[in-house]
Amino acid sequence: MSKPRVAVLISGRGSNMMSLIEAAAAPDFPAEIACVISNRPEAHGLARAQAANIPVRAIDHKAFADRPSFDAALDAALAEEQIDFVCLAGFMRLLTRAFTEKWAGRMINIHPALLPSFKGLHTHERALSEGVLIHGCTVHFVTAEMDVGPIIMQAAVPVLEGDTPGTLGARVLAQEHVIYPAALRLVCDGRARLEGNRVGLDAFEIAPPALVVPPVG
Ligand code: GRF
């Protein structure tokens, strides 16, 4: 049986995209990365995906009059590629309610903070200026409101003496690369499901590292 087809949507460097591509290369991964789409034609991630032999598309949002027409073009591309699941990976574009509702339960995002804290941009700067002692990242189902959808997986990291946004961001990013493929695996396996405004999660047996919830193997 063929695996579910995943599109990864990016706008920039694509390090999370690469973590998904690398994880999906494992024979037991329950999905294939079928294409990478960027709203910015110059995104560095497109070249990285091509080098990994993943089909890429650029859909330049500047060529569209408004959000609905861009989202319609995106949706048409996903239909052409016969996509089952969408991963937003540093995709810096708000999506319309119609688009998010159409893909509800089949579209996930990675955010560089422990939601519901620090929605939006500049999360590491804000975490440092608030003086939090624990920071991290979140994979969640995408809903119409930005950075709000039901949480599938989180990883926490300590904030250390002398941290800068750069050092803290690097510590968080390393965990993003662990939990995004793990969360995609759960979603594609049907072990994490959108159920109303919560995530239905089946128990699974994997050794728990300290700070990832639910545990990742
Ligand atoms: C990541 O920190 C991700 O959490 C956020 O945007 C950044 C994208 O980085 N949404 P990359 O393009 O995956 O390297």
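Every number for a ligand or one of its atoms is a count from 1 in the order of the listing. Values reported hereafter were calculated over all heavy atoms of this structure, with side chains retained and with hydrogens, waters and symmetry mates removed.
Taking distance alone, with nitrogen or oxygen atoms compared against 3.5 Å, G12 stays at or beyond that limit from ligand 1. Backbone and side-chain nitrogen or oxygen atoms of N109 are examined, and none is located within less than 3.5 angstrom of a nitrogen or oxygen of ligand 1.
For R193, the side chain to side chain contact (heavy atoms under 4.5 Å, CB included) test picks out E195, D202, with sequence neighbours left out.
When hydrogens are left out, the protein atom nearest atom 1 (C) of ligand 1 is E176 OE1, 3.1 Å; that is the closest non-hydrogen contact. Protein heavy atom closest to atom 8 (C) of ligand 1, with residue, atom name and distance, is G90 CA, 3.6 Å. Among protein heavy atoms, the minimum distance from atom 5 (C) of ligand 1 is reached at P112 CD, 3.8 Å. Among protein heavy atoms, atom 12 (O) of ligand 1 sits closest to G14 N, 2.9 Å.
Close contacts between ligand 1 and R13 involve ligand atoms 9 (O), 11 (P), 12 (O), 14 (O) [criterion: under 4.0 Å to a heavy atom].
Here the CD-CG distance, from E42 to L46, works out to 9.0 Å after rounding to the nearest 0.5 Å.
In the hydrophobic clustering, where aliphatic and aromatic side chains (Ile, Leu, Val, Met, Phe, Trp, Tyr) are joined below 4.5 Å either directly or transitively, I151 groups with L115.
Taking the six-membered ring for Trp and the full ring otherwise, H135 and H124 have centroids separated by under 6.0 Å.
Side chains of N109 and F141 form no contact here, defined as non-hydrogen atoms less than 4.5 Å apart.
For I110, the heavy-atom gap to ligand 1 drops under 4.0 angstrom.
By the 6.0 Å and 45° rule, R93 stacks over the aromatic ring of F70.
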